[in-house]
Amino acid sequence: MGSVTTPSFDRRTAVSLISRLRTARGQDNPFPIYKELRSQGAVVPAPWGGYLVTSYELCDHILRSGAWLEPDKPWRERQGPRTRWSAPSAREIGSTLPALNPPDHTRARRAAGTFDRGTIERLGRTVTQATDQLLDTLSDRLRDGAADFAALVSEELPIATIGNWLNLPAADWPRLRELTHEQVFTQELLPSASQLARSDVAMAELRAYFLDLVRDRRTRLRDDPVSRWITTWDSLEPDQDKADQEVYYLALFVLLAALETTSTLLSTMTLLLVEHPRRWDLVAADPDELVPAFVEETLRYDPPTHVISRVSADDCLLEDVPIRRDDMVHLMVGAAHRDPAKHPRPGRFDPYRRPAHLAFSGGIHYCLGAPLARLEAQTLLRQLISRLPRLTLVRPPARAPRVAFRRLLNLDVAVA
């Protein structure tokens with residue numbers, strides 16, 4: 001990995017850049033800050049410890065390499081008490097599939113199964129039906145003027161999809177969606193104490209909900225993923241309580257992964273579609289080619305997750321920067337996607353660009369739900385341009401106070 005150069009590091013500049021990134025203005029448009037951060041080097045020490053990586057090549061390498069690990073539960077325990085990693089929500093998330101390392105990850109991922117072609121086809125029918133219904137509602141609201149696309153569509157489609165698949169009561173969906181938004185702070189770049197407290201409360205409620213679900217489902221096994229996971233884990237784990245715990249972690253992971261990032265993808269994609277009228281016309285003129293391409297370029301241009309963290313398995317050098325075992329690196333994916341060494345004119349949204357992004361991570365931790373996220377985004381985009389008149393943005397949307405996990409709080413649109 002010697003092709004990327006690392007200029008000398010200016011700590012005060014990095015502190016200033018991170019401080020700006022955490023402001024509302026910085027979170028609304030972090031990309032100029034990312035550009036300044038990249039100018040500090042491909043690998044720079046983070047002001048709070050660890051390192052920030054902004055090069056696409058290095059981020060891709062780290063995600064695919066077995067020399068870099070997830071900050072799993074044992075790693076979190078080694079950080080000691082009174083750290084963000086000792087918060088109850090951080091410990092809980094440390095036992096879910098994305099935070100595991102081999103051999104635990106290998107075992108859990110095998111038990112989870114995959115979104116194979118048959119599953120995607122069945123889910124496709126659910127997604128199509130749900131999208132139809134949500135766009136009907138949106139159309140009705142648009143007759144009276146502006147409507148919030150995020151609230152009416154982007155937030156609803158993922159929970160309808162995964163809620164139906166997991167066979168969760170529809171009455172529970174709104175609360176589960178709220179809890180998902182609250183728990184995400186424990187995975188943020190620099191969560192505050194109050195944000196961690198909100199994550200702790202949300203995670204405790206999610207734990208109680210899904211453990212009750214698993215126990216109930218065990219008494220009446222059905223043809224659904226949770227029941228299948230129970231059967232699978234019973235064959236792997238003789239202790240029923242431990243088996244139920246593993247099923248709970250799988251169900252929790254699927255919900256969290258399916259809601260937060262997918263709803264952000266749907267909102268961001270639609271924002272990019274409506275804020276420039278030419279884009280709507282462009283996709284409508286050639287949907288077969290440009291619907292998939294528009295989704296992939298959205299994932300590059302402004303991915304739902306801007307930061308992915310890894311820890312070093314051993315002492316090493318990363319672009320001549322000494323890294324010690326257990327040191328954390330924050331892969332600044334949002335910055336890496338705008339790396340001009342990877343993408344010419346990276347600040348330009350271009351659906352004709354050759355797809356290349358890290359929005360679904362990489363290596364053994366490549367997102368299990370990537371096919372489902374793509375299915376929802378492509379289905380929504382196709383139906384938007386075929387069913388509705390061209391929409392326009394009414395006002396700039398507000399964003400949640402986050403760095404790592406993007407989220408539009410609203411997306412007000414109207415008929416152009």
Side-chain angles (χ1 to χ4, degrees), residues 1 4-59 62 68 71 75-76 78-87 90 184-199 302-312 315-341 346-347 358 398-407:
M1 304 304 296
V4 181
T5 59
T6 303
S8 58
F9 169 69
D10 181 346
R11 186 179 185 281
R12 283 186 298 178
T13 299
V15 169
S16 173
L17 291 174
I18 295 300
S19 296
R20 285 165 53 197
L21 193 60
R22 299 182 74 191
T23 65
R25 184 177 179 181
Q27 289 160 1
D28 180 58
N29 182 17
F31 300 104
I33 301 172
Y34 291 158
K35 184 176 181 179
E36 293 182 59
L37 188 60
R38 278 198 310 273
S39 73
Q40 290 288 298
V43 182
V44 297
W48 58 87
Y51 299 84
L52 308 173
V53 181
T54 61
S55 151
Y56 187 99
E57 180 186 5
L58 281 182
C59 288
I62 289 170
W68 296 90
W75 181 90
R76 293 166 193 244
R78 289 197 295 273
Q79 307 317 299
R82 295 183 297 280
T83 68
R84 61 166 293 185
W85 307 106
S86 65
V184 79
F185 288 112
T186 197
Q187 304 174 67
E188 258 298 326
L189 183 64
L190 291 171
S192 66
S194 62
Q195 288 173 335
L196 279 176
R198 289 165 62 182
S199 287
D302 191 354
T305 304
H306 275 214
V307 184
I308 301 174
S309 298
R310 293 288 186 267
V311 295
S312 179
D315 294 352
C316 66
L317 287 176
L318 189 63
E319 291 304 313
D320 298 326
V321 176
I323 308 290
R324 296 181 63 84
R325 179 181 180 270
D326 269 359
D327 277 354
M328 174 170 279
V329 296
H330 301 287
L331 310 181
M332 307 299 289
V333 173
H337 283 184
R338 303 289 184 102
D339 184 349
L358 308 173
R399 293 188 183 271
R402 304 175 185 169
V403 174
F405 287 82
R406 305 278 276 169
R407 183 189 168 207

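Remember, predicted model here, so these are calculated numbers, not experimental data.
- Taking OG of S194 as the reference point, atom CZ of F185 lies at 8.0 Å (rounded to 0.5 Å).
- Contact check for S199 versus Q187: no side-chain heavy atoms found under the 4.5 Å cut-off.
- When side chains are defined from C-beta on, H306 does not count as touching V403, because their heavy atoms never get closer than 4.5 Å.
- Panel note: side chain D327, backbone G50; no donor-acceptor pair is recorded below 3.5 Å.
- The CZ atom of R325 sits 9.0 Å away from atom CG of D315, with the distance rounded to the nearest 0.5 Å.
- Side-chain atoms of R338 never come within 3.5 Å of backbone atoms of K35 as a donor-acceptor pair (strictly under, hydrogens ignored).
- Side-chain contact between V329 and L58 is absent, with no heavy atoms from C-beta onward closer than 4.5 Å.
- Scanning all heavy atoms of the two residues, the minimum distance from D326 to W75 falls at O-NE1, 3.0 Å.
- Distance alone, capped at 3.5 Å, places no donor-acceptor pair between the T305 side chain and the A404 backbone.
- Between D320 and P322 the shortest heavy-atom distance is O-CD, 3.6 Å.
- Under the 4.5 Å side-chain criterion, counting only non-hydrogen atoms from C-beta, Y34 is not in contact with H337.
- Q27 is not listed as a side-chain neighbour of R402, based on a closest heavy-atom distance of 4.5 Å or more.
- Across all their heavy atoms, L190 and Q195 have their closest contact at O-OE1, 4.3 Å.
- Considering only heavy atoms from C-beta on, R20 comes within 4.5 Å of L17 through its side chain.
- Contact check for L331 versus W68: no side-chain heavy atoms found under the 4.5 Å cut-off.
- Once rounded to the nearest 0.5 Å, the distance linking OG1 of T13 with CD1 of I18 reads 11.5 Å.
- How far CZ of R22 is from CG of L189: 7.5 Å, rounded to the nearest 0.5 Å.
- A distance-only check finds no donor-acceptor pair linking the side chain of R406 to the backbone of D302 [under 3.5 Å].
- L317 contributes atom CG, which lies 10.0 Å from atom OG of S312 (distance to the nearest 0.5 angstrom).
- Closest approach of R38 and A335 over heavy atoms only: NH1-O, 3.0 Å.
- Minimum interatomic distance between T23 and S19 (heavy atoms only, all atoms of both residues): CG2-O, 3.3 Å.
- When atom types are taken as modelled, the side chain of E188 and the backbone of V184 share no donor-acceptor pair closer than 3.5 angstrom.
- Looking at every heavy atom in both residues, V53 comes nearest to C59 through O-SG, 3.6 Å.
- Between the side chain of W85 and the backbone N or O of A90, no donor-acceptor pair lies under 3.5 Å.
- The structure places OG of S309 at 9.0 Å from CE of M332, a figure rounded to the nearest 0.5 Å.
- The closest side-chain heavy-atom distance from I62 to L318 is below 4.5 Å.
- Here the side chain of R407 pairs no donor or acceptor atom with the backbone of P304 at under 3.5 angstrom.
- A donor-acceptor contact shorter than 3.5 Å links the side chain of R84 to the backbone of T186.
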